[in-house]
There are 2 protein chains.
Amino acid sequence: MNRSSGRSGGANLPSLRHHNASLVLDLLRAAGERGISRLELAERTGLTPQAVSKITTRLRAEGLAAEAGRLASTGGKPRTVLRLVPDAGYAVGLHLDRDGTTAVLVDLAGTPVATRTTPLDLGAPAAEVVGAAARAVQTVRADAPGTEDHRVFGVGAALPGPLDHTDGVLHRVTGFPQWDGYPLREALAERTGLPVVVDKDTNAAALGLALRAPDGADFAYLHLGTGLGAGLVLGGGVHRGARTGAGEFGHQTLQLDGPPCGCGGRGCVEALCLAAVARGDLAEAARVLGTAAANLVGLLDIGRLVLGGRTVAADEDVYADGVRAVVEERARREGTGPAVPVTVAPGGDRPVVEGAAHLVLAPLFGRAGEPPAGPGGLAAPPY
Amino acid sequence: MNRSSGRSGGANLPSLRHHNASLVLDLLRAAGERGISRLELAERTGLTPQAVSKITTRLRAEGLAAEAGRLASTGGKPRTVLRLVPDAGYAVGLHLDRDGTTAVLVDLAGTPVATRTTPLDLGAPAAEVVGAAARAVQTVRADAPGTEDHRVFGVGAALPGPLDHTDGVLHRVTGFPQWDGYPLREALAERTGLPVVVDKDTNAAALGLALRAPDGADFAYLHLGTGLGAGLVLGGGVHRGARTGAGEFGHQTLQLDGPPCGCGGRGCVEALCLAAVARGDLAEAARVLGTAAANLVGLLDIGRLVLGGRTVAADEDVYADGVRAVVEERARREGTGPAVPVTVAPGGDRPVVEGAAHLVLAPLFGRAGEPPAGPGGLAAPPY
DNA sequence: GCACTTTGGCAACAGCGTTGCTTAAGTGGC
DNA sequence: GCCACTTAAGCAACGCTGTTGCCAAAGTGC
């Protein structure tokens, strides 16, 4: 039973079946090419081996799972290894950044099979940007043969700035007022003929990283690029909050009555941090970022911190070490156990595009987030 | 299904039954004395009317629900109103504060039926404090006749400072080093013969307020007393984090390199806020509190803020207005809709004791939190 | 008094995971 | 080479879930 918001849902037999199937499918996905045996699935889900057998039989019949070799015997019949069938479905990830667009086609396992990056000014007229984005989607689909229409589940689009994840309407992409109130989801769905999900870049990246994490622990993804934002993963899914605006990390006040910030406030982390970057004092930038991160860790008792974004990518170790130092010092003071690990997400901005594709795939695996709706409407999931 | 942490749980028929029964029971509880009809239960849960009939029949057979009158007809057979039977079970709430202990016996509906407050120095030897607490529990049970042993589900204990909710061991109650590592749950369970759950005072209060809230929206409870802490309610349940230490709100850095705080850090909200209180500048205290609160609202996109604690209770309006002003100004700047409402929890510290009792009751209603374990062990819930 | 509406229980049912047992497929002793 | 043993996985029967179709109960309104 899932950490979805609200408490409406009564459960019936189909929802129970779907829940367990998602759970198994998620474990298969997490196991990757290594695969996983039926008995291990049973142990991990708490279901009986017989129930897992029934569920995997259905998944195999639907082409989502397949047997793939067997393990060494431990004194009896050896376990059969099951694997997710990656090409049972695909999704498109789309990253609309301030100065360029990247589209990626990933398979069910999350592996990218085609990528395209094109320069694109997010400040151009909306119709132009949407048109270019739709073309990028078509291109990346054409790049990968054998991915017919019905096997592409949808498009996940990630972009900076506040937006409403539920209805896919942008609020106010910082610096580009023409996007205010623009129904991006609808427009993209119409142009691509595919279901579309829209989310903030930080949320997309966080979701992608969450699906790759071996443990299910809560973590925060801190993205430092042209701005500073966060994606929060609580309980296995992205935490979006009441109005899907969570992750407003950059305009956290870190210095009461400090220097003015572009947002109109004073002493925001983003302003302090980027000012330090601008004057070349990366150690100070890392210290400021670390202080805000430590605030977050204390407030939510988060288990892990992941840094990302272009600015971080340029000097990974400086930021990782600087943030780690602040977090460790605070943990020592409070004496509540070892400090949380601090890592850097590899690949600069790449986690954003790949995570965007996961906006579409995640619901299949029971991860938080409602399935996308739109024209060519996503039929009931194949299981 | 439920926002529990981790993603282990496969679901079977008993768990499905339990889930739906909890859901119905929670709606009955929320309806209070007003009651609720079968058909409304069906609408709210999404279950069929027939399923609700079956579930409520079981609940009535077990003495947890009862029919209570009927509504006006709308042209046909009038709806029958169902209500929770409050005296079907009880729980004890215990608030161990720095200078006193309060115990309360509440019924299944959360209504207090007996209260006792005794002065008690939390700095006294552990055995002494536990003994006095256990006596308080016995006293409050004796105060309410007709509440035999098997109908008291357990004791929920709330106290300040970091602790491990999972195993009930205290970490370091600020200012009282003798509690460091003390297994409070075990000790209290042994002395009272009842299952015990231990949690931070802020979490207990937040849980109690969450159960009373009409909507299921996320909110934060900010407690300003001798210290400053927060309780977070996300997705209907208390968010405790990886090591059950979430809510560390007071030692959030709000002023880089600011004045030193007792915790060893610099520029913590708690230090800034309490310093302002000490010099009588309540408006500034409220502004500082509001700034930290606005950080929290932005980060989590929380839907509501509730203030509490003795310091707030002494000047409710000053704090409510001061915090509201900061939050509203930030909302205006960011332009993401109306600011979140700011209210004060009535009754000073009372939400803490009553919320403590809910630590025991909440699992019955499917709210986050594992059921208590301990001697005299809580048998399977009565439904 | 009769037609109609709405509530809510009864009975039959489909489908879920579970249990008990059987078959498959290995290892290791002799 | 054979047999006893162990472990994995499927088959069949089962108990229990919510669902569906139907009917009795209990009102309103002409």
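Letters A, B, ... mirror the listed sequences (proteins, then strands); counts begin at 1. Quick note: numbers below take in every heavy atom, side chains included, and nothing from hydrogens, waters or symmetry partners.
The nearest whole Å value for the distance from the CG atom in B:L47 to the P atom in D:dT19 is 6 Å. Here the P atom of nucleotide C:dT27 and the CG atom of A:L71 are 13 Å apart, to the nearest Å. Atom-to-atom, CG of B:L16 to C1' of D:dT19 comes out at 13 Å; the value is rounded to the nearest Å. Atom CD of B:E40 is separated from atom P of C:dT7 by 12 Å (rounded to the nearest Å). When rounded to the nearest whole Å, the span between CD1 of B:I36 and C1' of C:dT7 equals 16 Å. In this structure, A:E67 places its CD atom 15 Å from P of C:dA24, rounding to the nearest Å. We find that CG of B:L39 is positioned 17 Å from P of C:dT5, with the value rounded to whole Å. Computed from coordinates, the A:N12 CG to C:dG17 C1' distance equals 15 Å when rounded to whole Å.
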May I have the list of side-chain donor-acceptor pairs in residues 46-57 of chain A shorter than 3.5 Å, sequence neighbours left out?
from: A:T48; atom 1: OG1; to: A:A51; atom 2: N; distance (Å): 3.3
from: A:T56; atom 1: OG1; to: A:V52; atom 2: O; distance (Å): 2.9
from: A:T56; atom 1: OG1; to: A:S53; atom 2: O; distance (Å): 3.1
from: A:T57; atom 1: OG1; to: A:S53; atom 2: O; distance (Å): 2.7

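The side chain of B:N20 approaches D:dG18 more closely than any other nucleotide in the set D:dA8, C:dT7, D:dG18. Considering only the side chain of A:T48, C:dT18 comes nearest among D:dT19, C:dT18, C:dT7. Closest to the side chain of A:R38, out of D:dG18, D:dA9, C:dG9, is D:dA9. The side chain of B:R60 approaches C:dG9 more closely than any other nucleotide in the set D:dT19, C:dT7, C:dG9.
Counting non-hydrogen atoms under 4.0 angstrom, A:T57 reaches nothing in the nucleic acid. Nucleic acid contact class of A:T80 (heavy atoms, under 4.0 Å, all strands): sugar-phosphate only.
Qualifying salt bridge (charged side-chain N to carboxylate O under 4.0 Å, His left out) partners for B:R83, counting only residues two or more places apart in sequence or in other chains: none. For A:T74, the side chain to side chain contact (heavy atoms under 4.5 Å, CB included) test picks out no residue, with sequence neighbours left out. Residues meeting the side-chain hydrogen bond (donor to acceptor under 3.5 Å, both in side chains) test with B:E67, sequence neighbours left out: B:R38, B:R60. Legend: residues meeting salt bridge (charged side-chain N to carboxylate O under 4.0 Å, His left out) with B:R243, ordered by chain and number and at least two apart, are A:D301. For the salt bridge (charged side-chain N to carboxylate O under 4.0 Å, His left out) test, no residue two or more places apart in sequence or in another chain qualifies with B:D107. A search for side-chain hydrogen bond (donor to acceptor under 3.5 Å, both in side chains) contacts involving B:R58 returns nothing, not counting sequence neighbours.
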Please list each protein N or O that sits under 3.5 Å from an N or O in nucleotides 12-16 of chain D, with the distance.
none

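Within the 4.0 Å cut-off from OP1 or OP2 of D:dG10, at least one side-chain nitrogen or oxygen of A:S53 is found.
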For each nucleotide in nucleotides 24-30 of chain D, reading 5' to 3', give B when a protein heavy atom comes within less than 4.0 Å of its base, S when such contact involves only the sugar-phosphate, and - otherwise. -BBBS--
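If you find the closest nucleotide of DNA chain C to A:R58 and to B:T56, the one lying nearer the 5' end belongs to B:T56.
Here the closest heavy-atom approach between residue A:L211 and residue A:A362 is recorded as CD1-CB, 4.5 Å.
Side-chain atoms of B:R367 come within 3.5 Å of backbone N or O of B:G236 as a donor-acceptor pair.
With contacts defined as side-chain heavy-atom distances shorter than 4.5 Å, the pair B:L359/B:D199 qualifies.
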